[in-house]
Each structure stands twice: as C-alpha cells, then as structure tokens.
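Counting starts at 1 for both ligands and their atoms, in listed order.
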Amino acid sequence: MGNKVLKMGVIGVGLQGESHVEKFQYFQNSEVVAVADINQKRVRSVAKKYKIPHAFTDYHDLLALKEVDAVSIVLPDHLHVEPGVAAAKARKHVLMEKPLATSVEDGEKIVKAVKKARVRFMINFSNRWWPQMRLAKAKFEAGELGDPVYAYARLNNTIYVPTKMLKGWSKHTRLPHWLMSHTIDRVRWLWGSNVKRVYGVCRKGYLKKLGFDTPDAYHATIEFRNGAIASFESVWVMPETLPYLVDSQMELLFTEASVLINTVVSGTEMATTKGKFSYPRMASQSYTGRPQGFVADALQHFADCMVEGRKPEPTADDALAVLKATSAVVESAEKGEPIDL
Ligand SMILES: NC(=O)c1ccc[n+]([C@@H]2O[C@H](COP(=O)([O-])OP(=O)(O)OC[C@H]3O[C@@H](n4cnc5c(N)ncnc54)[C@H](O)[C@@H]3O)[C@@H](O)[C@H]2O)c1
C-alpha cells in the first residue's frame with residue numbers, strides 16, 4: 001500500500017456501518033474517504049456528520065475511486081456476495097462484516113475472488129477481541145487449562161432485533177448466521193479445532209405470525225475434530241422489557257479448568273425515572289468520545305495490518321469454515337438429521 005494512513009471506503013452505513021465510519025475516522029492510522037449506501041438520505045447525513053468527502057448511492061462508484069485502499073462491507077447478511085466479489089476485482093482489501101454470507105455457495109465465491117485478486121481479507125468476528133476470550137485463549141495456549149471437554153455458548157437477542165432493528169431484512173437471514181457465527185467462531189478459535197458434525201434443531205412460529213418469516217430459536221450440538229463437544233443456543237424473541245438487548249453467556253470446561261464468561265452484567269446497573277432498568281453496554285460502547293471496546297479493537301487490528309503489510313485475522317478460510325458450520329445447523333434443523341462436515 002505504501003502510505004501510512006489507510007484510506008477506507010465503507011459500503012453500507014446503517015447501524016454497524018456508521019460504527020465503522022466513526023472508528024476508522026478516529027484511528028491515527030486510518031481515514032474514511034468515501035461511503036456508499038442505497039439510502040441517499042442516510043449516506044448524505046453520515047458523510048456530513050463525519051466529514052467524508054465522497055458519498056455514493058451505488059457502491060461501484062466507491063470501488064472506482066483510486067484512492068480507496070480498502071473497504072468495509074457492512075450490508076445486510078444476505079447481500080455480501082456481490083460487493084465482496086466486486087471489491088476484490090477492484091483490488092481493494094476487504095473487511096467483511098460477519099457472517100461471510102448466508103449460503104456456502106456465496107461464501108465460496110467471495111473467498112475465491114479475494115484469493116484470485118491477492119487482496120488481504122478479514123472477517124469481523126469481533127467477539128475474539130473480548131478481553132475474556134483473550135485471557136481464556138492465552139491460558140489455554142499456555143497449557144494451564146488442560147484439554148477441551150465441553151463448551152456452552154448462548155447468544156440471544158430481544159424481539160426488538162428481528163422486528164424493529166433489522167425489520168427490513170431479518171427474514172433473509174437465520175440465527176445461526178446472524179448470532180451463532182460469533183459463538184461458533186469463538187469456540188473454534190479458542191480450541192484451534194474445526195467442526196466435525198452438527199445436529200441442529202429450530203423452533204418456528206412466533207415471528208412468522210408477526211410477519212417475519214424466520215425461525216425464533218435454534219439449538220445446535222456440535223462435535224469438534226479435537227473430540228470435544230459444544231452446545232450453542234440462539235433465540236431472538238426474548239421480551240423487550242429485559243434490561244439488555246443481547247444476552248451472552250459462555251461456559252468452557254477443560255480437563256483441568258472451567259471458565260465462565262458473562263458479558264451481560266457489566267458491573268453497572270441503571271434505573272432512571274424516564275427509561276427502564278438497564279445494564280448499560282460497557283464492552284462495546286464508548287462513553288469517552290474515544291472509540292473503545294471489542295469492535296474498536298477488531299477494526300484497529302485491521303487498520304494496523306493494512307498499514308504494516310500484515311495479514312489480518314480472522315481469515316477468509318476462518319470465515320468459510322464458520323459459514324459451513326452455521327449453514328449445516330440450518331440444514332440439519334430443516335432435514336431433522338445430523339450433517340457431517
Ligand atoms: N461484528 C459485529 O459485532 C456486528 C454487529 C452488528 C452487525 N453486524 C453485521 O453488519 C452487517 C450490517 O448490519 P447492520 O445492523 O448495520 O444493518 P442495517 O440494516 O442497520 O444497515 C444496513 C445498511 O445497508 C444499506 N444497504 C442495503 N442494501 C444496499 C446496497 N445494495 N448497496 C448499498 N447499501 C445498501 C441499507 O440502506 C442500510 O443502511 C450485517 O452483516 C450484520 O450481521 C456485525
């Protein structure tokens with residue numbers, strides 16, 4: 001790349017895309033030079049707020065800009081394939097929001113394109129940057145925990161997420177892609193082992209009745225190649241009255257240790273006369289004006305790797321391996337039988 005400041009283009013400036021813009025504009029070694037979003041009002045207002053010189057409604061115009069070194073693709077889960085392939089063809093490095101795609105076929109197209117173009121690629125499994133996961137990984141690699149036996153990971157949302165936050169596209173994704181991709185990545189990365197066999201089940205009905213044709217809950221039992229097993233739960237119909245949007249808990253059992261990670265209870269409880277009781281998000285939200293937390297750390301890793309000429313992680317192969325596992329959960333639940341990978 002040759003320059004010391006990474007010039008980013010951000011494709012899709014919804015909730016998560018704006019968070020990318022904010023962070024890459026703030027970091028010392030990156031700046032956002034262009035944004036693209038099909039929603040003209042939205043893209044103009046984000047460009048104005050963060051003082052971005054170029055705003056487009058067609059991402060191809062962003063990809064045509066020579067000055068753009070790399071792009072973040074922050075579009076709805078089912079729309080990653082076309083911009084992923086186009087960005088690689090335009091020789092831009094790619095930061096792809098999770099999940100890679102919602103089908104293995106689409107995921108393979110993206111991976112093939114980035115490998116062919118020899119551009120660098122990172123999938124944003126940002127949960128890897130939780131300090132709790134770093135601690136568990138360091139202890140495991142130092143041999144202090146023993147061998148993996150079992151993992152339980154729950155990543156749930158309130159019904160606000162599929163019916164309001166992702167109202168326009170929740171029916172186009174599935175919980176294994178939207179949420180379980182994070183938890184499967186965490187376990188796969190921690191153990192350094194791939195998925196061998198998947199048994200998935202799902203529950204449909206509640207969201208469908210509300211007009212959102214997507215299952216309410218998935219559960220998966222997964223055997224890993226290292227012989228350990230893991231249980232994954234994702235539900236997105238929890239009541240909105242809960243004091244949090246995301247319920248995330250994890251239990252890891254090893255031959256010589258157990259590790260419990262709870263990122264819901266942040267150590268801060270808040271009750272006001274105007275709002276409901278809440279646990280304010282401390283792990284990803286910044287209250288200082290300086291981006292902080294696991295998403296900021298993941299994006300900073302990408303910027304650092306780009307300017308220092310290093311290969312970022314998680315890689316395209318990680319992204320595809322997780323997509324194969326999450327797609328197998330969906331398929332197993334549909335067929336009612338286990339899937340071998
Ligand atoms: N890593 C994480 O922790 C994390 C957290 C949240 C979301 N995500 C991922 O980020 C992605 C975006 O999620 P979100 O919550 O920001 O969604 P969102 O609905 O808030 O934003 C999506 C944006 O894409 C735009 N868009 C749709 N089609 C387009 C097109 N063809 N061209 C240009 N723009 C288009 C929409 O107008 C919208 O502004 C998803 O893949 C999601 O899974 C990751």
Side-chain angles (χ1 to χ4, degrees), residues 9-23 34-47 49 54-63 71-87 94-103 106-107 110 122-130 133 155 157 160-186 212 214 234 236 245-246 248 263 281 283-285 291 293-302 312-314 318-319 322-323 326:
V10 178
I11 300 176
V13 288
L15 273 177
Q16 184 74 350
E18 180 175 350
S19 164
H20 281 228
V21 172
E22 181 216 14
K23 291 168 179 61
V35 284
D37 197 294
I38 206 165
N39 179 336
Q40 189 176 67
K41 201 170 151 208
R42 174 79 185 161
V43 77
R44 281 192 182 158
S45 87
V46 170
K49 182 172 172 189
H54 301 285
F56 303 109
T57 48
D58 183 341
Y59 69 82
H60 294 95
D61 294 332
L62 181 152
L63 293 176
V71 293
S72 282
I73 297 175
V74 205
L75 297 180
D77 292 1
H78 61 297
L79 299 179
H80 292 183
V81 62
E82 282 177 17
V85 170
V94 177
L95 171 60
M96 178 67 82
E97 259 306 342
K98 52 57 56 178
L100 178 60
T102 50
S103 75
D106 280 357
I110 299 170
M122 172 176 154
I123 182 92
N124 191 28
F125 285 132
S126 48
N127 288 189
R128 284 193 189 188
W129 275 266
W130 286 356
M133 284 308 294
L155 187 55
N157 288 153
Y160 172 81
V161 173
T163 60
K164 293 177 185 155
M165 194 176 111
L166 308 180
K167 189 177 179 190
W169 58 271
S170 56
K171 66 173 185 279
H172 296 300
T173 191
R174 293 289 176 266
L175 278 167
H177 303 307
W178 164 252
L179 289 178
M180 245 180 229
S181 55
H182 273 305
T183 46
I184 292 176
D185 177 69
R186 267 188 255 150
F212 300 90
T214 189
S234 281
W236 55 358
L245 185 76
V246 181
S248 179
T263 59
R281 302 190 74 183
S284 57
Q285 206 72 33
F294 63 93
V295 177
D297 289 347
L299 269 50
Q300 183 68 75
H301 167 75
F302 180 79
E313 283 185 1
D318 292 326
V322 172
L323 177 60
T326 54

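Between Asn124 and ligand 1, an N or O atom pair is found at a separation short of 3.5 Å. Checking only distances, Arg42 never comes within under 3.5 Å of ligand 1, N or O to N or O. For ligand 1, none of its N or O atoms has an N or O atom of Val295 under 3.5 Å away. Checked against a 3.5 angstrom limit, the closest N/O atoms of Ala36 and ligand 1 fall outside it. At a 3.5 angstrom cut-off on N or O pairs, Leu75 counts as close to ligand 1.
At a heavy-atom cutoff of 4.0 Å, ligand 1 is contacted by both the backbone and the side chain of Gln16. The backbone and the side chain of Lys98 each have at least one atom closer than 4.0 Å to an atom of ligand 1 (non-hydrogen atoms only). Under 4.0 angstrom from ligand 1, there are no non-hydrogen atoms of Phe125.
Considering each of Ile11, Asp77, Asp37, Thr57, the one bringing a non-hydrogen atom nearest atom 42 (C) of ligand 1 is Asp77. With Val35, Leu299, Ile38 as candidates, the residue nearest to atom 32 (N) of ligand 1 on a non-hydrogen basis is Ile38. The option from Gly17, Pro76, Gly12, Ser72 that lies nearest to atom 22 (C) of ligand 1, judged by heavy atoms, is Pro76.
For Arg128, the salt bridge (Lys or Arg N to Asp or Glu O under 4.0 Å) test picks out Asp185, Asp318, with sequence neighbours left out.
The aromatic rings of Trp129 and His301 sit tilted, their planes meeting at an angle between 30° and 60°.
Atom numbering of ligand 1 starts at 1 in the shown order; those under 4.0 Å from a heavy atom of His80 are 41 (O).
Residue His182 places a heavy atom under 4.0 Å from ligand 1. Residue-ligand proximity: His177 is placed with every non-hydrogen atom at 4.0 Å or more from ligand 1.
At a threshold of 4.5 Å between non-hydrogen side-chain atoms, the residues Leu79 and Trp169 do not count as touching.
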Quiz prompt | Residues Lys23, Ser19; criterion side chain to side chain donor-acceptor pair (under 3.5 Å); working and verdict | solution = CA-CA 6 Å; Lys23 291 168 179 61; Ser19 164; 2.9 Å; yes
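Although no hydrogens or angles enter the test, the distance criterion places no donor-acceptor pair under 3.5 Å between the side chain of His177 and the main chain of Leu323.
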